[in-house]
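Contents: one structure, followed by commentary.
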Amino acid sequence: MSVLRVGMVGYAFMGAAHSQAWRAVNRVFDLPVRVEMTTVCGRDGDAVAAAAQRLGWQSHTTDWQTLVARDDIDVIDICTPGDSHAQIALAALAAGKHVLCEKPLANSLTEAAAMVQAAASAAGLAMCGFNYRRVPAAALMRRMIADGRIGQIRHVRAQYLQDWIVDPQFPLVWRLQKEKAGSGALGDIGSHIVDLTQYVTGQRITGVSALTETFVKERPLPTASRGLAASRDGASTGEVTVDDAALFIARLDGGAIATYEATRFATGRKNALRIEVNGSLGSLVFDLERLNELSYYDSAAAEPGFSTILVTEPHHPYMDAWWPPGHIIGYEHSFTHQARDFIEAIATGTQPEPSFDDAYSVQLVLDAVQQSASSGSGWTHVRGGAVSAVRRTVEAAPPPVS
Ligand code: SOE
């Protein structure tokens, strides 16, 4: 069996989730390639050494520039805050590596476009980590919509609700700083429901009308123990420069209309992602807090009513690799599925999805939402198409493995 040597940059929440996936993927799925967790990279030498030990990496480094250029690395997995995605991805693609980059793809359209362009001409393959596509029930939702089970799509109703910054004393962490995170709830969790919509419906969002709000505009600076710098001028608070919540309506190119709500101020809602699609023949509902289930309404049924599909059968997406029917799975499995799909794409030389093009289409929506909200001018068209319409099937794939 050949080997795919991974170098991962970043080791916090997403780094831990990706590590779990790299550790598990060959034990669960029968793949032509074996993953080697070669090196993890982070800025703090002691912390990254501890992370390597805890997460199962063979070695660690503080120098991502050297890491991406190394001959003994095939894949760069980017799990850093958004302000470094473009820099790392561009260097890794230039060095011929395959790249998996956490969502949202970048902090700005300009950076995202550069990443798409680099990916289009690179030897390596590039994918963005919208992991919720890989929850079996979400993948089943897409399959059922593609099979015409709910007919012509009329409505999409999507929400992603969290509450971790309701307390005004919660510190000004990087996710609340525009220069680090690009945007707030919009990019962090709104991007997931935009991607999920486009994935399950197969339709693209063409226009939006939006409003955003920052409820708490000033927050205490994080203490050094949280790994973040205190202000140089001695101030104890700083400005929140991102949105706390983003609401928008949208049109899709297949004729559907949609509503979106992404907020970190939905008190009591910890990580509540829900997407409902209503079609001419029925409806489908996915709720992350019940991720093994898919709710289905079939108007042609003898006794129509919402029924629950328990998505644990071997014929359901990804489930044949796991447990007997009825034995449920969880959040981290979506990352294992993501790793599986990425590895298979590399092994077969096909473009993994979501590609950087797909992720760019999400960025275009985020950008339109921000424009609509900041100008207050209402309807805003999502700028046309992907930077490169190229969906590559890599004919002469680079040797993917060592
Ligand atoms: C934080 O809001 C976060 O970790 C997101 O960044 C993830 O993408 C989401 O899966 C859970 O919430």
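Just so you know, ligand 1 is whichever comes first in the structure, and atom 1 is the first atom listed for that ligand. In what follows, residues are counted from 1 in the order of the sequence shown.
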Exercise. Nearest 0.5 Å please: distance from the CZ atom of Arg134 over to the NE2 atom of His333.
Key: 15.5 Å

Quiz prompt | Distance in Å, Lys217 NZ paired with Glu239 CD, rounded so as to fall on 0.5 Å steps | solution = 9.5 Å

Quiz item: Side chain, backbone, both or neither: which part of Arg264 has a heavy atom under 4.0 Å from ligand 1?
Solution: neither

Quiz item: Using a heavy-atom cut-off of under 4.0 Å, does the side chain or the backbone of Phe130 touch ligand 1, or both, or neither?
Solution: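 No part of Phe130 comes within reach of ligand 1.
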
Quiz item: Nearest protein heavy atom to atom 10 (O) of ligand 1, by residue and atom, and its distance?
Solution: Tyr132 OH, 2.6 Å

Quiz item: In the protein, which heavy atom is nearest to atom 12 (O) of ligand 1, and how far is it?
Solution: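 Here the nearest protein heavy atom works out to Gln162 NE2, 3.0 Å.
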
Interfacing atoms of ligand 1 (cut-off 4.0 Å, heavy-atom, [X]):
X	answer
Phe13	4 (O)
Lys103	5 (C), 6 (O), 7 (C), 8 (O)
Tyr331	10 (O)
Asn271	11 (C), 12 (O)

Quiz item: Which is closest to atom 11 (C) of ligand 1 by heavy-atom distance: Tyr160, Trp164, Phe335?
Solution: Tyr160

Quiz item: Nearest non-hydrogen atom to atom 5 (C) of ligand 1 belongs to which of Ile165, Asp188, Asn131?
Solution: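 It is Asp188 that holds the nearest heavy atom.
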
Quiz prompt | Leu294, Leu288, Asp287 screened by side chain to side chain contact (heavy atoms under 4.5 Å, CB included) with Leu291, the one that passes | solution = Leu288

Practice problem: May I ask you to decide whether Arg264 forms a salt bridge with Asp188, counting only side-chain N to carboxylate O separations under 4.0 Å? | Solution: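 Counted as a salt bridge, because a side-chain N and a carboxylate O are separated by less than 4.0 Å.
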
Exercise. Run the salt-bridge test on Asp147 and Arg149 with the 4.0 Å N-O cut-off and return the result as yes or no.
Key: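 Here Asp147 does not pair with Arg149 in a salt bridge, since their nearest N and O are not under 4.0 Å apart.
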
Practice problem: Report yes or no: does Thr110 contribute a side-chain atom to a donor-acceptor pair with the main-chain N or O of Ser108 at less than 3.5 Å? | Solution: no

Quiz item: Side chains of Glu218 and Thr237: is there a donor and an acceptor less than 3.5 Å apart?
Solution: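 Yes, a side-chain donor-acceptor pair sits under 3.5 Å.
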
